Amino acid sequence: MRQAGAYSGLLCGGISGKMGPQALPLARIKKIMKKSGSGEDVKMISGEAPIIFAKACELFIQEITKRSWNITLKGKRRTLHKEDVASAVIATDIFDFLISLVSNSVTAVPSAAATIMEIQTDES
């Protein structure tokens, strides 16, 4: 029988305190890792590596969702739209690597620039 590894706590809630299995499919994460696009494809991946990537993806999704939801609430709405996500990406420096993916969404929304300016002044 296999013993629990050093990162097995992440599967049982570990850092976040949530119970249950990983929310994101580990097989899919492993497949993405193998097709990393770094020129040479990754051949071998340890069992713990996809678990850490899954947790990192969860945390990323939670953070961008929180920021997007704040924009939704400032717009006095209760439904999160893709424009809210795009505005959150543009308003947050750590998400600059995503700007090219969302730039088309923001240009279609004239109020996005005003929302971004409001958020930046509120955070200052």
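This chain uses plain numbering: 1 for the first residue, then up along the sequence. Small disclaimer: the values here were computed from a predicted structure and weren't measured.
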Practice task
Please identify each residue that fulfils side-chain contact (heavy atoms from CB on, under 4.5 Å) with A49, with sequence neighbours left out.
Solution key: M33, I45, S46
Problem - salt bridge (Lys or Arg N to Asp or Glu O under 4.0 Å) against R77, all qualifying residues, sequence neighbours excluded - result: D84
Completion exercise
Tightest non-hydrogen contact, residues K43 and K34, listed as O-CE, 3.8 Å
Problem - Rounded distance [0.5 Å steps], OG in S87 versus NZ in K82 - result: 12.0 Å
Handout entry: Shortest non-hydrogen contact from A54 toward L26
Key = CB-CD2, 3.8 Å
Exercise for the section: Report the residues that fulfil ring-ring contact (aromatic ring centres under 6.0 Å, His included) with F53, sequence neighbours left out, ordered by chain and then residue number. Expected result: none
Exercise for the section: Could you grab the distance from atom SG of C57 to atom CG of L24, nearest 0.5 Å is fine? Expected result: 6.0 Å
Practice task
Answer whether the closest heavy-atom distance between the side chains of I32 and R28 falls below 4.5 Å.
Solution key: yes
Exercise for the section: Answer whether the closest heavy-atom distance between the side chains of V89 and L101 falls below 4.5 Å. Expected result: no
Handout entry: Min side-chain heavy-atom separation R78-L73 under 4.5 Å
Key = yes
Exercise for the section: Report yes if the side chains of T72 and T79 come closer than 4.5 Å at any heavy-atom pair, otherwise no. Expected result: no
Exercise for the section: Grab the two heavy atoms, one from I29 and one from P50, that are nearest each other, plus how far apart they are. Expected result: CG2-O, 4.0 Å
Fill in the blank from the handout: One should read off an interatomic distance between I64 CD1 and L59 CG, to the nearest 0.5 angstrom, of 13.0 Å
Handout entry: Pair listing, ring pair (Phe, Tyr, Trp, His ring centres under 6.0 Å) test, anchored in residues 62-104, at least two apart
Key = F60-F95
